[in-house]
Amino acid sequence: AQKVTQAQTEISVVEKEDVTLDCVYETRDTTYYLFWYKQPPSGELVFLIRRNSFDEQNEISGRYSWNFQKSTSSFNFTITASQVVDSAVYFCALSDNNDMRFGAGTRLTVKP
Amino acid sequence: NAGVTQTPKFQVLKTGQSMTLQCAQDMNHEYMSWYRQDPGMGLRLIHYSVGAGITDQGEVPNGYNVSRSTTEDFPLRLLSAAPSQTSVYFCASSYSGTGIEQYFGPGTRLTVT
């Protein structure tokens with residue numbers, strides 16, 4: 001069965017600090033997809049990134065970067081120079097064959 | 001485009017009552033799904049549909065029914081509400097399956113007393 005673990009329940013940082021959100025997944029399939037979603041205090045879910053299991057290239061988008069390592073079944077998310085607007089709950093998710101499993105989420109608070 | 005819309009935004013039910021949560025999308029997406037979000041548990045898949053007339057169960061289907069008579073609509077029915085169904089419900093859609101970005105509705109907050 002698929003499983004996603006986000007061990008960090010809550011993280012608090014001061015603005016401009018770098019922060020890494022951890023995500024570890026389990027699946028028996030060779031083809032799967034990994035995602036990160038952001039849920040700001042307003043409650044909507046915002047798509048951040050998608051990775052398929054055959055693409056281990058790291059990705060950078062502005063202050064956001066993602067590190068996908070199949071050897072450790074991890075898909076970690078780093079925010080560089082955090083800002084107050086980054087405060088949100090972040091979910092890692094694993095998709096396989098129309099089924100999708102989310103982690104429990106990490107609540108990130110960025111203080112000014 | 002309105003994207004994914006959900007009604008109502010809030011609902012209070014008494015135990016044993018039934019109701020339908022509405023979900024509609026105007027993006028001509030084949031795949032639609034329902035999730036529930038509970039504190040400390042992330043989102044859990046209830047039911048999904050890969051096209052009109054086709055539905056399947058997700059991780060937590062008990063107590064919920066769905067049908068998909070059109071591409072646009074995917075209602076979620078609670079036949080006999082229980083306090084354990086108190087949650088925030090999200091509907092989502094994508095062009096095809098969960099291997100690509102899903103678009104989420106704004107959510108329905110349901111309280112069962």
Side-chain angles (χ1 to χ4, degrees), chain A residues 1-10 21-27 29-55 59 61 66 75 77 88-108, chain B residues 2-6 8-11 23 25 27 29-51 54-61 66 68 74 87-110:
Chain A
Q2 301 177 95
K3 186 178 177 183
V4 177
T5 302
Q6 295 180 255
Q8 305 148 309
T9 306
E10 294 191 29
L21 309 182
D22 297 331
C23 174
V24 174
Y25 63 91
E26 295 175 29
T27 179
D29 295 296
T30 56
T31 301
Y32 54 88
Y33 303 88
L34 294 163
F35 299 82
W36 277 94
Y37 281 87
K38 173 182 180 180
Q39 187 175 45
S42 52
E44 75 271 26
L45 283 147
V46 179
F47 167 81
L48 295 178
I49 190 171
R50 163 190 177 268
R51 265 282 175 270
N52 72 54
S53 53
F54 300 108
D55 181 2
E59 180 155 340
S61 176
W66 291 269
F75 186 43
F77 172 30
V89 180
Y90 291 86
F91 292 100
C92 180
L94 167 67
S95 163
D96 158 45
N97 196 28
N98 290 321
D99 189 10
M100 191 140 182
R101 300 296 168 101
F102 282 77
T106 296
R107 181 178 299 277
L108 174 65
Chain B
V4 180
T5 58
Q6 291 182 238
K9 287 192 169 144
F10 301 94
Q11 183 71 50
C23 174
Q25 52 90 11
M27 297 173 282
H29 285 170
E30 290 296 323
Y31 182 91
M32 295 185 75
S33 56
W34 277 101
Y35 296 86
R36 59 178 290 173
Q37 182 178 16
D38 301 296
M41 301 191 72
L43 281 81
R44 292 181 292 168
L45 183 63
I46 304 171
H47 284 286
Y48 65 92
S49 168
V50 298
I54 306 169
T55 63
D56 207 344
Q57 297 181 348
E59 184 183 359
V60 289
V66 292
R68 183 102 178 265
F74 190 44
S87 188
V88 179
Y89 291 84
F90 287 97
C91 179
S93 74
S94 73
Y95 182 72
S96 64
T98 55
I100 58 175
E101 175 189 356
Q102 290 189 79
Y103 295 80
F104 284 83
T108 294
R109 185 174 294 274
L110 175 67

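Since the structure is predicted, the reported quantities are computational estimates derived from the model, not experimental observations. Hydrogens, waters and symmetry mates play no part in the numbers below; they use all other heavy atoms, side chains included. Sequence lines set the chain letters: A, B, ... in the order given, protein chains first and strands last, and positions in each chain run from 1.
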Measure distances from B:Tyr35 to the heavy atoms of chain A and classify the residue's part below 4.5 Å as side chain, backbone, both or neither.
-> side chain

A:Gln8 to A:Asp22 - nearest heavy-atom pair and separation | OE1-N, 2.7 Å

State whether the number of non-hydrogen atoms from other residues, nucleotides or ligands found under 6.0 Å of B:Arg109 atom CZ is greater than 12.
-> no

Does any heavy atom of chain B fall under 4.5 Å from the side chain of A:Gln39, the backbone, both, or neither of them?
-> side chain

Proximity breakdown for A:Tyr33 and chain B, heavy-atom pairs closer than 4.5 Å | side chain

Looking at residues at least two apart in the chain, or sitting in another chain, which of them share a side-chain hydrogen bond (donor to acceptor under 3.5 Å, both in side chains) with A:Glu44?
-> A:Ser42

Relative to chain A, which segment of B:Val88 carries a heavy atom at a distance below 4.5 Å: side chain, backbone, both, or neither?
-> neither

Minimum-distance pair of heavy atoms, taken over all atoms of B:Gln102 and B:Ser33 | OE1-OG, 3.0 Å

Who among B:Ser96, B:Ala92, B:Pro106, B:Gly42 has the most heavy-atom pairs with chain A under 4.5 Å?
-> B:Gly42

Would you mind telling me which of A:Val89, A:Leu45, A:Thr31, A:Asp96 has the largest number of heavy-atom pairs within less than 4.5 Å of chain B?
-> A:Leu45

Could I get the full list of side-chain hydrogen bond (donor to acceptor under 3.5 Å, both in side chains) partners for A:Tyr32, not counting sequence neighbours?
-> A:Tyr25

